[in-house]
Amino acid sequence: MQFNNTTMIEEILINNTVAALEILYKQKVDKQLIQIQKTKKEFEGDLTIVVFPLLKFSRKNPEQTANEIGEYLKNNLDEINKFNVVKGFLNLVISDEFWLDFFLQNHKKEKYEYFEKNNGESIVIEFSSPNTNKPLHLGHIRNNLVGNSIAAILKASGKKVKKVNLVNDRGIHICKSMIAWQLWGKNQTPDITNKKGDKFVGDFYVKFEKENKKETAILIADGVDKDKAAQQTPLMEKARKMLVNWESGEKETRELWEKMNNWVYMGFDKTYDRLGIDFDKTYYESDTYLLGKEIVINGLKERILFKKDDGSVWADLTDHKLDKKLLLRPDGTSVYITQDIGTAQLRHDEYNADKLLYVVGNEQIYHFNVLKIILEKLGRKWAENIIHIAYGMVELPHGKMKSREGTVVDADDLMSEMHLTAKTTTEELGKIEGFSADEAEELFEIIGQGALKYFILKVDPKKNMLFNPVESIDFNGNTGPFIQYTYARIKSLLRKARERNITLSDNIPDNINIHPKEKQVIKNLYDFSETIQQAAENYSPAIIANYVYNLVKDYNQFYQEIPILREENPDLLNFRLKLSEFTSRVIKTSMELLGIKVPERM
RNA sequence: GGUCCAGUAGCUCAGCUGGAUAGAGCAGCAGCCUUCUAAGCUGCGGGUCACAGGUUCGAAUCCUGUCUGGAUCACCA
């Protein structure tokens, strides 16, 4: 939703302050020096100019300077009603007409109108990137939600966005699951066992690790070196052999691989569906793992890279104060980063994007640094447009999630728990009268998902965050359900208005009295466009989450203090309903940017 | 050891491109439903912004150092 604040008030103030300084003190002052901020709540005013930096131009004390500038602005701008000065702070009261004008120009806008005047930069964003041997957990949820939300925010800010996923579907770890299934799972399938496909396959991976541990213990007892034992078990031999067969394209292995991966995908799809995540394109490592090799070999020819005696190929990063990095093993096979060099090139060629974003955990910061440096060394100027959005880990009260210790918070389980909590809470509050069973279930899902998603997205993605499974996620206060509730409450108001045959009119007299609580809501609405830009620049859904929370909080104060349907003056009644409707639309749009649905009633 | 990130109320988090007396929610205490949905609203208590210096008219915010926690520095992905 792009609002018409082409007459951005801040811009007007800055320009006129510059003019004031020129007229009052005969000084040409750079716009950059004019600082405008929101007036703190405890003072009268809407916007504040900080005059301290201007003192060297006025050569007067802060109060005098502020008063003189204030006087000038008040006399020259219709938007300024009055002002007051506290120390070096010039607090300006913006006229009700200005806010009302903004309201009148924008209250009708129904849907998104992207920032067309924006450059329309094109962006490819990769996120999710799961392994096919492990079911998704809370960490993946954060990745998916952050990636999906950033994509939505970038779109809303006027960019062209492609969402892509890169599935890690090959490698020794997949072979482990396959071996385990061959040995212990013959003829079982997710259907027969009534298990979700990714869980089904994941269990075989765990089984492999468990059995391998036993074999390792036997080897160690036989005197094999501890560090090497785990690699030398009969099971590992089998897995490695399978990987060789896979790489040579052996039919039987490939068929098994395909069968098991498809089970996993069916499971993943369910999780993605439930989370509301989708992609424009999915890549598979089995298709891309050979990419990059050629680039490396060319780099070797151009002597950008070097070869060791054993035949391995390396990049020397010591000029960047980093170590040397292996790119091709002595046998010529590639490693992780070689593959990433290839996929980056592929993506660049395919989309010709201005930016390539990667939503990947912060433990890979080093990897992406190295990737960019190597690509730049290889003459890919566009490597500077690779941006690693490094999000923090989700920690549990006792540290990281560890599958070995059974402390992994499973994605599906968590969503189901949230659904159940939503159900219990809603029923306790007695809010499902008049809902059909299906409607009620849908509502519980919306609320449960809302609580979970908001809980995760309101935290700055860069930071590590804590999840305590014992204390369930809140439904009161700064939470998803609180925001959903406010939306539902507005919808209820609007329904009631309709029942009473009150029709909303676009005709709003420009002389109505705006209550401070109403003005506060309008100011929030005014900030929406700017907030989207900010969230886009910072790749931060948290900025949207905090914005919508503030909006909702201020709306609730208005709702609680001022009569709406009970108002007798028809113009005021109409205005307040329109204000509520406008607010509901911004709530809905904000929540969409977070991937959170809002219910019509709850 | 090198590099990077973080440390703000009992807990979870905002604020960090320098500005006024550092903000929310949860938890605790006290109020508000015969009137538009109380998943709400109002009030109270709670802080050496890890510590020490520095820059500045002004520092939670920028710089340096120290401490604490985390990540990373693989022929794993």
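So that the names make sense, note that chain A is the first sequence line, chain B the second, and so on, each numbered from 1.
Note: CG (A/N143) to P (B/A77) measures 19 Å, nearest angstrom. Atom-to-atom, CG of A/L493 to P of B/U35 comes out at 15 Å; the value is rounded to the nearest Å. The separation between A/Y487 atom OH and B/G40 atom C1' is 19 Å, rounded to whole Å. Rounded to an integer number of Å, the gap from A/R498 CZ to B/C36 C1' is 15 Å. The distance between atom OH of A/Y454 and atom C1' of B/C13, rounded to the nearest whole Å, is 10 Å. Straight-line distance from the CZ atom of A/F57 to the P atom of B/C57: 15 Å, rounded to whole Å. Rounded to an integer number of Å, the gap from A/H173 NE2 to B/C76 P is 12 Å. Put simply, NZ on A/K458 is 12 Å from P on B/U12, counting in whole angstrom units.
In this model, the phosphate group of B/G19 is not approached by any side-chain N or O of A/K40 to a distance below 4.0 Å at OP1 or OP2. In this model, the phosphate group of B/G25 is approached by a side-chain N or O of A/K553 to a distance below 4.0 Å at OP1 or OP2. Distances shown here put every side-chain N or O of A/K56 at or beyond 4.0 Å from the OP1 or OP2 atom of B/U56. Between A/R170 and B/A77 there is no side-chain N or O to OP1 or OP2 distance below 4.0 Å. Residue A/S492 places at least one side-chain N or O under 4.0 Å from the OP1 or OP2 atom of B/U37. The side chain of A/R329 places an N or O atom within less than 4.0 Å of a non-bridging phosphate oxygen (OP1 or OP2) of B/C76. Applying the 4.0 Å criterion to OP1 and OP2 of B/U42, one finds that A/Q557 has a side-chain N or O inside that range. OP1 or OP2 of B/U12 has not a single side-chain nitrogen or oxygen of A/N468 nearer than 4.0 Å. At least one side-chain nitrogen or oxygen of A/K431 sits closer than 4.0 Å to the OP1 or OP2 atom of B/A39. Residue A/Y485 places at least one side-chain N or O under 4.0 Å from the OP1 or OP2 atom of B/A39.
Remark: the separation of the C1' atoms in B/A50 and B/C41 is 37 Å, to the nearest Å. Rounded to whole Å, the separation between the P atoms of B/C13 and B/G53 comes to 30 Å. Across the C1' atoms, B/A20 and B/A59 are found 14 Å apart, a figure rounded to whole Å. Separation of the P atoms belonging to B/A27 and B/G69 is 31 Å when rounded to the nearest angstrom. Straight-line distance between the C1' atoms of B/G45 and B/G10: roughly 13 Å, to the nearest whole Å. Taking atom P on both B/C16 and B/G54, the two are 26 Å apart, rounded to the nearest angstrom. Comparing B/A30 with B/G18, their C1' atoms are spaced 39 Å from each other, to the whole Å. Taking the C1' atom of each, B/C32 and B/G15 are spaced 31 Å apart, rounded to whole Å.
When heavy atoms are screened at a 4.0 angstrom cut-off, A/L466 is found touching the sugar-phosphate backbone but no base atom. Contacts of A/P53 with the nucleic acid, taken as non-hydrogen atoms under 4.0 Å apart, include base atoms. Residue A/V50 is classed as a base contact, given a heavy-atom separation below 4.0 Å to a base. At the heavy-atom level, A/L317 lies nowhere under 4.0 Å from the strands shown. Here A/D340 lies out of heavy-atom contact (under 4.0 Å) with every strand. No engagement by A/A542 is indicated, since no non-hydrogen atom pair under 4.0 Å with the nucleic acid exists. Looking at heavy-atom distances under 4.0 Å, A/S312 makes no contact with the nucleic acid at all. Across all strands, A/K496 comes closer than 4.0 Å only to sugar-phosphate atoms, never to a base (heavy-atom distances). Within 4.0 Å of A/N91, counting heavy atoms only, lies at least one base atom of the nucleic acid. Here A/Q339 lies out of heavy-atom contact (under 4.0 Å) with every strand. At the heavy-atom level, A/L328 lies nowhere under 4.0 Å from the strands shown. As judged by a 4.0 angstrom heavy-atom cut-off over every strand, A/T48 is placed among the base-contacting residues. Nucleic acid contact class of A/Y549 (heavy atoms, under 4.0 Å, all strands): sugar-phosphate only. Contacts of A/T479 with the nucleic acid, taken as non-hydrogen atoms under 4.0 Å apart, are absent.
With B/A20, B/U35, B/A39 as the choices, the nucleotide that has an atom nearest any side-chain atom of A/M602 turns out to be B/A39. Comparing atom distances between the A/D310 side chain and each of B/C75, B/A39, B/G40 picks out B/C75 as nearest. Candidate nucleotides B/C26, B/A39, B/C13 were compared by shortest atom distance to the side chain of A/M465, and B/C13 ranks first.
Checked by atom type, the side-chain pair A/T338/A/Y289 shows no donor-acceptor distance below 3.5 Å. Between the side chains of A/T421 and A/S472, no donor-acceptor pair is found at a separation under 3.5 Å. Between A/T132 and A/N261, the side chains place a donor N or O and an acceptor N or O closer than 3.5 Å (distance only, hydrogens not considered). A/N369 and A/H388 share no side-chain donor-acceptor pair at under 3.5 Å. Side-chain contact of A/Y547 with A/D527: a donor-acceptor pair under 3.5 Å is absent, judged by distance alone.
Ring orientation note: the planes of A/F467 and A/F455 are nearly perpendicular, at an angle over 60° on the 30°/60° scale. Taking the six-membered ring where the residue is Trp, A/Y336 and A/H367 present parallel rings, their angle staying beneath 30° rather than reaching 60°.
Outside the 6.0 Å centre-distance limit, the rings of A/F208 and A/Y205 are not counted as a close aromatic pair. Between A/Y358 and A/F368, a ring centre-to-centre spacing shorter than 6.0 Å is recorded. Note: A/F52 and A/F89 meet the aromatic proximity criterion, with ring centroids under 6.0 Å apart.
Base orientation of B/C33: syn (glycosidic angle within 90° of 0).
Take the nearest nucleotide of RNA chain B for A/G171 and for A/Q35: the residue whose nucleotide is more 5' is A/Q35. Each of A/E471 and A/N476 was assigned the nucleotide of RNA chain B with the nearest heavy atom; the assignment lying further toward the 5' end belongs to A/E471.
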Just the table, please: protein N/O against nucleotides 67-74 of chain B N/O, every pair under 3.5 Å.
none

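A cation-pi contact links A/K308 to A/W314, judged by a cut-off of 6.0 Å to the six-membered ring centre and 45° from its axis.
Taking the side chain as every heavy atom from C-beta outward, A/L493 and A/R489 never approach each other to under 4.5 Å.
Stem list for RNA chain B (at least 3 consecutive Watson-Crick or G-U pairs, distances under 3.5 Å): B:1-7 with B:67-73, B:10-13 with B:23-26, B:28-32 with B:40-44, B:50-54 with B:62-66.
Ionic pairing of A/R601 and A/E439 is not present here: no N-O contact between side-chain nitrogen and carboxylate oxygen is shorter than 4.0 angstrom.
Proximity of a side-chain donor or acceptor of A/N464 to a complementary backbone N or O of A/M393 within less than 3.5 Å is detected.
Interface remark: the A/T426 side chain does form a donor-acceptor pair with the B/A39 base, using a distance-only criterion of under 3.5 Å.
For the pair A/F52 and B/G19, the ring geometry qualifies as stacking, because the centroid separation is below 5.5 Å while the planes lie within an angle under 30°.
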